[in-house]
Amino acid sequence: MSEKVVTRFAPSPTGYLHIGGARTALFNWLFARHRKGKFILRIEDTDQRRNTPTATRQVIEDLHWLGIEWDEGPGTEGPNGPYQQSQRKAIYARYIKKLLDEGKAYYCFDSTQELEQLRSRVKAEKKSFIYPRPDKYPSHEEALKKKAEGTGVTVRFALPRKEIIVDDTVRGQIKFGAGEFGDFIIQKSDGFPTYNFACVVDDALMGVSHIIRGQEHLMNTPVQMELWKALFEDIKLPKYAHMSVTISQGGGKLSKRQKPKALLQAIKSNKQIDLVKLAEHCNLTAEALEDFINGQAVPDVPVIDAMAEYLGVHLPEINVIDFLQNGYLPEAMVNFLTLLGWNPGDGREIMSVEELIESFDIERLTKTNSLFDRKKLLSFNTEYIKTISKEKLLEHFKDYIKTINSPVSSDDDELLGTLLEINEGARTLAQIETKCRFLFYENEQIEYQPKAVKKVLLTETGLAMLKLVRDRLAQIQDVTEEKLEAMLRSLAEEKQVGLGKVAQPLRVAITGTTISPPIFNSVKLLGMENVLIRINNTLKKFEKE
RNA sequence: GGCCCCAUCGUCUAGGUAGGUCUAGGACACCGGGUUUUCAACCCGGCAACAGGGGUUCGAAUCCCCUUGGGGCUACCA
């Protein structure tokens with residue numbers, strides 16, 4: 001208990017940080033903070049083909065947004081660097097050699113096809129595949145020769161043949177039979193280590209004490225343990241905690257595949273779509289699009305997003321950045337994500353980061369997989385918008401309007417603060433932004449929603465009422481919300497109608513929609529001059545019709 | 001196919017390690033009502049679960065077994 005806790009988050013940079021990864025990072029971070037330990041960020045970029053250089057930066061940005069800070073990692077160098085596996089090749093080579101020298105690993109020359117054949121044969125026998133270990137290991141000279149000949153050379157770990165028991169914090173003791181695992185590759189033919197190897201070496205060298213990860217890694221654990229023991233006799237094995245995973249509505253793990261899946265569904269369910277135009281719009285060849293529709297290939301994320309936007313399809317948010325772009329607060333995300341597979345046990349739900357750190361422990365991790373419920377997240381977000389400090393909310397709002405390139409752009413903190421205030425009760429920052437756009441448009445830029453016009457303006461009283469409102473507005477000196485309210489109320493009373501009958505035409509006239517912040521605030525903020533111009537524009541446009 | 005994990009309201013979960021205090025609690029969603037200048041927010045009320053079967057026991061949501069269902073892994077991906 002007294003020993004120092006060291007946890008890590010080790011993403012492979014293949015795209016944006018997704019919700020599942022964020023949750024794993026969060027749990028590791030929370031646990032480290034709770035136990036006053038250390039949290040390391042390590043980038044697992046050993047797959048030359050899949051990693052993109054921008055992805056690392058994006059992952060880092062997403063973690064920053066969530067407020068997850070690491071004690072060691074890229075940008076925060078510590079004694080255990082470098083923290084990108086692609087830069088640790090020499091270290092891995094040393095340990096590969098050590099195993100080779102000790103006869104605990106051996107060279108292999110099989111081609112992909114040969115391995116595939118072996119596998120399919122075993123599959124036919126309904127058994128699990130175990131690589132047949134050679135009686136005599138190839139020598140170093142042989143390996144060099146093969147390599148020179150152009151044959152791919154890999155290195156396999158000679159896994160001790162025995163029962164392995166994993167002691168998992170979440171799941172208890174799990175037994176794996178001696179015949180379940182075979183000798184696995186620890187060094188690929190491109191010279192890079194495989195995940196299982198690099199992971200063990202780094203965890204040991206970096207002093208990781210607790211490995212908290214998704215249950216998809218449970219089957220990796222026994223072989224990693226054996227590797228660890230073969231490599232580092234004197235370093236104590238870490239504690240493992242395999243948490244439940246987050247699954248999505250349609251079933252299956254919440255993953256990157258969700259987006260293309262949703263898009264594909266939308267395309268297939270709508271026969272009206274002009275595929276030629278779609279491909280053109282998204283800079284996609286007709287063949288590539290066809291492949292996608294036939295399930296042959298999946299385009300890159302930006303292309304997927306572009307298609308969705310073009311088609312007006314709402315894709316499920318699965319990446320952290322999606323939530324930023326949809327107006328969620330990081331505090332709400334953190335709180336919500338932590339409650340997926342963990343709870344404090346006393347019924348509390350809305351908890352600050354400080355409270356989470358205070359209460360979080362891996363002892364209360366849930367065993368069951370959980371569904372990511374967007375509605376509940378929304379309610380958390382609403383709660384946070386309501387209760388977070390004004391300064392923080394303003395900061396988030398500015399961040400938000402910047403990232404989405406909103407017409408609501410202003411350096412005037414006071415104005416933005418007012419916008420937030422009059423939108424009390426909003427569920428997302430996106431909602432606030434949409435409702436306030438009208439303030440930032442030119443008067444002539446207003447687009448009238450046909451539905452709003454029909455329902456509010458082109459009625460028996462709509463336009464006539466708007467005229468009346470205009471005339472009375474023009475008479476008000478030194479506009480205040482109170483005066484506006486008094487005027488509109490007395491007008492409603494005079495005409496024996498509800499306030500809606502007078503307020504709605506005005507609202508549509510100045511915003512083009514039926515939805516806006518409270519009308520008195522809206523008028524005041526727009527300024528009387530603009531209000532009158534917009535009313536006149538509206539009257540001119542619709543009186544003829 | 002093989003191996004592993006899991007199983008409480010629609011969803012997230014409390015309760016399970018120490019079986020009775022559980023006619024199973026909370027939150028979100030949903031439904032009904034209220035408030036209201038729009039969208040929200042807000043207030044009040046309601047619906048709703050121990051997957052099925054067998055044991056053990058005076059007694060089981062809780063322990064054991066089977067079935068079913070869900071999830072994961074089964075790569076020179078991580």
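Note on naming: letters A, B, ... go to the chains in the order of the sequence lines (proteins, then strands), and numbering restarts at 1 for each one.
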(message) Just to be sure I understand the rule, does A:Pro518 reach a base, reach only the sugar-phosphate, or reach nothing, if contact means heavy atoms closer than 4.0 Å?
(response) base
(message) Side chain of A:Arg119, heavy atoms from C-beta onward: which of B:A14, B:C76, B:A41 has the nearest atom to it?
(response) B:C76
(request) Sort out for me which residue in A:Thr366, A:Leu30, A:Leu356 forms a side chain to side chain contact (heavy atoms under 4.5 Å, CB included) with A:Trp342. (result) A:Leu356
(message) Strictly below 4.0 Å: does A:Lys375 bring a side-chain N or O up to OP1 or OP2 of B:G10?
(response) no
(message) By the 4.0 Å heavy-atom rule, please label A:Arg42 as base, sugar-phosphate, or nothing.
(response) nothing
(message) Under 4.0 Å, heavy atoms only, any strand: does A:Leu340 hit a base, just the sugar-phosphate, or nothing?
(response) sugar-phosphate
(request) For A:Glu424, answer base if it contacts any base atom (sugar-phosphate contacts may also be present), sugar-phosphate if it contacts only those atoms, and nothing otherwise; contact means non-hydrogen atoms under 4.0 Å. (result) base
(request) Show the numbers, then the answer: is there a ring pair (Phe, Tyr, Trp, His ring centres under 6.0 Å) between A:Phe157 and A:Tyr106? (result) CA-CA 7 Å; A:Phe157 176 57; A:Tyr106 57 92; 9.4 Å; no
(message) Any donor-acceptor pair, under 3.5 Å, between the side chain of A:Glu349 and the base of B:G26, if you only look at N and O atoms?
(response) yes
(request) Quick one: look up who B:G46 pairs with, Watson-Crick or G-U, both distances under 3.5 Å, and put none if it's unpaired. (result) B:C30
(request) Write down the partner of B:G20 under the Watson-Crick or G-U wobble criteria, each distance required to be under 3.5 Å. (result) B:C58
(request) Mind checking A:Gly177 for me? I need base, sugar-phosphate or nothing, with any heavy atom below 4.0 Å counting as a touch. (result) nothing
(message) So A:Asn196, base contact, sugar-phosphate only, or nothing? Heavy-atom distance under 4.0 Å.
(response) nothing
(request) Remember a base hit wins even if backbone is also touched, and classify A:His217 as base, sugar-phosphate or nothing at under 4.0 Å, heavy atoms. (result) base
(request) Could you tell me which nucleotide pairs with B:C73 by Watson-Crick or G-U wobble geometry, both distances under 3.5 Å, or answer none if nothing does? (result) B:G2
(message) Over all strands shown, is A:Gly500 touching base, sugar-phosphate only, or nothing at heavy-atom distances under 4.0 angstrom?
(response) sugar-phosphate
(message) Using only modelled atom types and a 3.5 angstrom limit, is any donor from either the side chain of A:Arg507 or the base of B:U37 paired with an acceptor on the other?
(response) yes
(request) Check ring pair (Phe, Tyr, Trp, His ring centres under 6.0 Å) between A:Tyr195 and all other residues, then give those that pass, not counting sequence neighbours. (result) A:His217
(request) Please evaluate the base of B:C6 for a donor-acceptor partner in the side chain of A:Lys367 within a cut-off of under 3.5 Å? (result) no
(request) Using a heavy-atom cut-off of under 4.0 Å over every strand shown, decide if A:Ser189 touches base, sugar-phosphate, or nothing. (result) base
(request) Could you check whether A:Thr46 gets within reach of a base, just the sugar-phosphate, or nothing at all, counting any heavy atom under 4.0 Å? (result) sugar-phosphate
(request) Compare the minimum distances between each of B:U37, B:C73, B:G71 and the side chain of A:Val245, then state the nucleotide with the smallest one. (result) B:G71
(request) Identify, between A:Asp190 and A:Lys175, the residue whose nearest nucleotide on RNA chain B lies closer to the 5' end. (result) A:Lys175
(message) For A:Arg171 and A:Gly498, find the nucleotide of RNA chain B closest to each by heavy atoms; which residue's nucleotide sits nearer the 5' end?
(response) A:Arg171
(message) Please determine whether any donor N or O and acceptor N or O are separated by less than 3.5 Å between the side chain of A:Thr368 and the base of B:C6.
(response) no
(request) Scan A:Gln431 against the nucleic acid and name what it touches under 4.0 Å (heavy atoms): base, sugar-phosphate only, or nothing. (result) sugar-phosphate
(request) Kindly point out which of B:A78, B:U37, B:G15 is positioned nearest to the side chain of A:Tyr195? (result) B:A78
(message) Output one letter per nucleotide in nucleotides 42-48 of chain B: B when a protein non-hydrogen atom lies under 4.0 Å from the base, S when only the sugar-phosphate is that close, - when neither is.
(response) S------
(request) Give A:Asn423 one of three labels, base, sugar-phosphate or nothing, depending on what nucleic acid heavy atoms sit under 4.0 Å from its own. (result) nothing
(request) Would you mind telling me which of B:G71, B:U13, B:U37 lies closest to the side-chain atoms of A:Gln215? (result) B:G71
(request) For B:G46 versus B:A7, give the span between their P atoms, rounded off to a whole number of Å. (result) 31 Å
(message) Of the options B:C3, B:G10, B:G71, whose atoms approach the side-chain atoms of A:Phe176 most closely?
(response) B:C3
(message) On a heavy-atom basis, which atom in A:Phe176 and which in A:Leu218 lie closest, and how many Å separate them?
(response) CZ-O, 4.3 Å
(request) Using a 4.0 Å heavy-atom cut-off across all strands, classify A:Ser379 as base, sugar-phosphate, or nothing. (result) sugar-phosphate
(message) Ignoring hydrogens and geometry beyond distance, is a side-chain donor-acceptor pair present between A:Ser406 and A:Tyr400 at under 3.5 Å?
(response) no
